[in-house]
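Report on one structure; see the data block that follows.
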Amino acid sequence: MHELSTAVVGASGYAGLELTRYLARHPRLRPVALYSDRWSGETAGARLPLGGAAAALRYLPLGEAAQAEAEVAFLATPAEVSLALAPQLLARGLRVVDLSGAFRLADPGLYPGWYGFTHAAPELLAEARYGLPELGRAALPGARLVANPGCYATAIALALAPLLRSGLVLAEGVAVAAMSGVTGAGRKASEDYSFCEVDEDLRAYRLGRHQHVPEIEQTVARFAGRCGPISFTPHLVPIRRGILASCTLRLAPGAEPAALARAYDVYAGEPFLRVLPADKVAVKDVARTNRVHLGVAVDARAGVAVAVSAIDNLVKGAAGQAVQALNAVMGWDEALGLDLLGG
Ligand SMILES: NC(=O)C1=CN([C@@H]2O[C@H](COP(=O)(O)OP(=O)(O)OC[C@H]3O[C@@H](n4cnc5c(N)ncnc54)[C@H](OP(=O)(O)O)[C@@H]3O)[C@@H](O)[C@H]2O)C=CC1
Ligand SMILES: CC(=O)N[C@@H](CCC(=O)OP(=O)(O)O)C(=O)O
């Protein structure tokens, strides 16, 4: 059976490392090139517990990534780096799965405000397919460019979209608080993320201006046909990996709690999604897997529904989702290669 050759750019990052492990075990994908300046010249086997041919691969300088000889390139790089590389790789005939936010927003006008740069390839935004299969897999088969969703955006959009589509909650006044483990910030050597700064601490950040806000609104609006402005407050918590999101929505007049719970019936048969009572949704049950656990509770006294979801930011929030999306692009079983560590 033909194995699709793959390259990982940013292979030394937290997302790139996780991806390398999945690619090395995937039955139809073969990693052939790994790019990182930090580890240039070292073997992958020296950095990761890999078997087989992948262990012998030597990390290549990032400057050579535009010339990658592979059928698919995964970009696990900052958005500005992905934005520069993707057009070059696409022009050379590679498919691109980008893990950054560079191609997630359809409207280029949103980039300066939310990402801090002017988009240099707006024509590719029209072509890019958003890689969240559970809310839009029909767009994926055959895609050349996949924009892999953000970690918070994955957890939050999956929780919100069916509820808004049900019509049982209002589109206005949606408020989300989410907590992320520290790997969500990447391997950046910044004092703010060092052990002594995050241990025994808990804080909110980027209130009302997190870059995933327009992405969540775009995804929910596409699926549900409506979405008001979402208030989003992310928090950094002193765990290594995982995201828990709590989403508060106002109930529509006359909404029945039992009917609201049925909104998640749209996920019946999804291999990675499990609907649970909201207070049974926990990061430890999804950590190191591609799973999403979610549930909704009704607080009738306050007139709100609270939806809770949990993912692993590095798997369903990044590397696992990227593999799942590529499986969908290729028309394969979406779960192929994702059983690593119980995924
Ligand atoms: N961490 C997470 O939970 C998630 C991350 N993402 C996205 O995935 C991408 C990778 O994230 P993550 O793995 O966390 O990041 P890291 O900081 O851990 O790694 C970044 C990687 O990109 C490479 N790189 C290339 N150019 C640059 C540059 N100019 N500045 C910094 N690094 C560069 C680094 O190479 P080298 O080490 O050789 O310098 C490294 O391999 C980002 O776009 C991120 O937003 C998306 C969802 C979740
Ligand atoms: C804890 C933490 O800092 N998390 C990151 C999420 C990274 C991510 O998924 O974001 P992009 O791919 O959109 O950059 C953040 O809040 O920016």
Side-chain angles (χ1 to χ4, degrees), residues 7-21 34-42 44 47 59-66 74-86 97-105 110-111 114-117 130-132 146-157 176 178-190 192-193 197-198 201-207 209-216 218-219 232-245 287 311-322 325:
V8 179
V9 189
S12 55
Y14 289 149
L17 271 170
E18 197 78 6
L19 191 52
T20 306
R21 284 164 6 105
L34 304 172
Y35 295 91
S36 156
D37 282 344
R38 179 192 298 248
W39 294 342
S40 182
E42 291 187 48
R47 288 287 174 180
Y59 292 99
L60 301 166
L62 287 163
E64 294 177 10
F74 290 91
L75 306 182
T77 42
E80 293 91 331
V81 176
S82 295
L83 187 51
L85 269 178
V97 180
D98 178 34
L99 278 73
S100 85
F103 299 99
R104 293 182 198 146
L105 303 178
L110 292 170
Y111 276 91
W114 293 97
Y115 277 88
F117 59 77
Y130 191 64
L132 186 51
V146 174
N148 208 51
C151 47
Y152 285 119
T154 296
I156 295 165
V176 180
M179 283 138 274
S180 173
V182 184
T183 53
R187 195 198 272 280
K188 57 176 81 91
S190 147
D192 287 350
Y193 300 97
E197 295 300 319
V198 300
D201 195 17
L202 180 56
R203 63 182 63 216
Y205 65 99
R206 241 176 281 158
L207 287 86
R209 57 182 184 87
H210 193 277
Q211 72 276 12
H212 291 179
V213 168
E215 180 183 340
I216 297 163
Q218 170 183 284
T219 307
F232 173 40
T233 307
H235 300 74
L236 188 69
V237 292
I239 59 175
R240 194 177 289 202
R241 52 204 289 166
I243 285 180
L244 189 87
I311 63 167
D312 184 318
N313 55 294
L314 293 178
V315 189
K316 183 62 176 171
Q321 178 117 284

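As the structure lists them, so they are numbered: ligands from 1, and atoms in each ligand from 1.
The CH2 atom of W114 sits 9.5 Å away from the CG atom of L105 when rounded to the nearest 0.5 Å. Summarising the geometry, atom OG1 belonging to T154 is positioned 8.0 Å from atom CD1 belonging to I243; distances are rounded to the nearest 0.5 Å. For the atom pair L75 CG and L85 CG, the distance stands at 6.0 Å (nearest 0.5 Å). Taken from CD in E215 to OH in Y152, the straight-line distance is 13.0 Å, to the nearest 0.5 Å. Note that OH of Y35 and CG of L60 are 5.0 Å apart. Values are rounded to the nearest 0.5 Å.
Residue contact check: L314 has heavy atoms under 4.0 Å from atoms 1 (N), 2 (C), 3 (O) of ligand 1. Listed by number with element, the atoms of ligand 2 under 4.0 Å from a non-hydrogen atom of Y152 are 16 (O). Proximity to Q211 (heavy-atom distance under 4.0 Å) selects the following atoms of ligand 2: 10 (O), 11 (P), 13 (O), 14 (O), 15 (C), 17 (O). When each atom of ligand 2 is checked for a heavy atom of Y115 under 4.0 Å away, the hits are 13 (O). Contact atoms of ligand 2 toward C151: 6 (C), 7 (C), 8 (C), 9 (O) (distance under 4.0 Å to a heavy atom of the residue). The contact set between ligand 2 and A185, taken as ligand atoms under 4.0 Å from a residue heavy atom, comprises 1 (C), 2 (C), 3 (O), 4 (N). Contact atoms of ligand 2 toward R104: 11 (P), 12 (O), 13 (O) (distance under 4.0 Å to a heavy atom of the residue). Atoms of ligand 1 lying under 4.0 Å from any heavy atom of R187, numbered from 1 in the order shown and given with element: 16 (P), 17 (O), 18 (O). Less than 4.0 angstrom separates some heavy atom of Y14 from each of these atoms of ligand 1: 13 (O), 18 (O).
When hydrogens are left out, the protein atom nearest atom 4 (C) of ligand 1 is A318 CB, 4.3 Å; that is the closest non-hydrogen contact. Among protein heavy atoms, the minimum distance from atom 3 (O) of ligand 1 is reached at N313 ND2, 2.9 Å. Shortest contact from atom 1 (C) of ligand 2 to any protein heavy atom: Y205 OH, 3.4 Å. Of all protein heavy atoms, the one closest to atom 26 (N) of ligand 1 is V81 CG2, 3.5 Å. For atom 22 (O) of ligand 1, the closest non-hydrogen atom of the protein is A76 O, 3.5 Å. For atom 5 (C) of ligand 2, the nearest protein heavy atom (residue, atom name, distance) is G184 O, 3.2 Å. G13 CA, 3.1 Å is the protein heavy atom nearest to atom 19 (O) of ligand 1. Taking atom 5 (C) of ligand 1 as the reference point, the nearest protein heavy-atom neighbour is A15 CB, 4.5 Å. Considering only non-hydrogen protein atoms, atom 35 (O) of ligand 1 sits nearest to S12 OG, 3.5 Å.
Within the 4.0 Å heavy-atom cutoff, G184 counts among the residues contacting ligand 1.
Side chains of T183 and R240 form a contact here, defined as non-hydrogen atoms less than 4.5 Å apart. Looking at R241 and E18, their side chains come closer than 4.5 Å, going by heavy atoms from C-beta outward. Side-chain atoms of F103 and L83, non-hydrogen and from C-beta on, do get closer than 4.5 Å to each other. The closest side-chain heavy-atom distance from Q321 to I311 is not below 4.5 Å. Between L236 and V198 the shortest side-chain heavy-atom distance falls below 4.5 Å.
Inclusion of A185 in the set of residues having an N or O under 3.5 Å from an N or O of ligand 1 is not warranted. Checked by distance only, ligand 1 and R38 come closer than 3.5 Å through their nitrogen or oxygen atoms. Looking at ligand 1, you won't find any N or O of W39 less than 3.5 Å from one of its N or O atoms. Some N or O of G10 is nearer than 3.5 Å to an N or O of ligand 1, by distance alone. Geometrically, ligand 1 and L62 share no nitrogen or oxygen pair separated by less than 3.5 Å. Considering both main-chain and side-chain atoms, H212 comes within under 3.5 Å of ligand 2 through a nitrogen or oxygen pair. Every N/O-N/O distance between Y35 and ligand 1 stays at or above 3.5 Å. Checked by distance only, ligand 2 and L236 stay at 3.5 Å or farther apart across all their nitrogen or oxygen atoms.
A donor-acceptor contact closer than 3.5 angstrom links the side chains of R206 and Q211. Between the side chains of D98 and S82, at least one donor N or O lies within less than 3.5 Å of an accepting N or O.
In terms of heavy atoms, A319 sits closest to L19 at CB-N, 3.5 Å. Here the closest non-hydrogen pair linking G101 and Y111 is O-OH, 2.7 Å.
Around atom 30 (N) of ligand 1, the closest heavy atom drawn from A65, G16, P78 belongs to P78. Of the candidates I243, L34, T77, L99, it is T77 that places a heavy atom closest to atom 43 (O) of ligand 1. Considering only non-hydrogen atoms, atom 14 (O) of ligand 1 lies nearest to G186 out of G317, P149, G186, G63.
Contacts with ligand 2 closer than 4.0 Å are made by side-chain heavy atoms of H210 only, the backbone lying farther away. Here D37 has heavy atoms under 4.0 Å from ligand 1 in both its backbone and its side chain. If you look at S180 next to ligand 2, the close heavy atoms, those under 4.0 Å, all belong to the side chain.
Ring geometry for H210 versus H212: interplanar angle over 60°, hence perpendicular rather than tilted (30 to 60°).
Remark: atom 47 (C) of ligand 1 lies closer than 4.0 Å to at least one protein heavy atom. Closer than 4.0 Å to atom 10 (C) of ligand 1 lies at least one heavy atom of the protein.
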Q: Tell me, with the steps shown, if M179 and I239 meet side chain to side chain contact (heavy atoms under 4.5 Å, CB included).
A: CA-CA 10 Å; M179 283 138 274; I239 59 175; over 6 Å; no
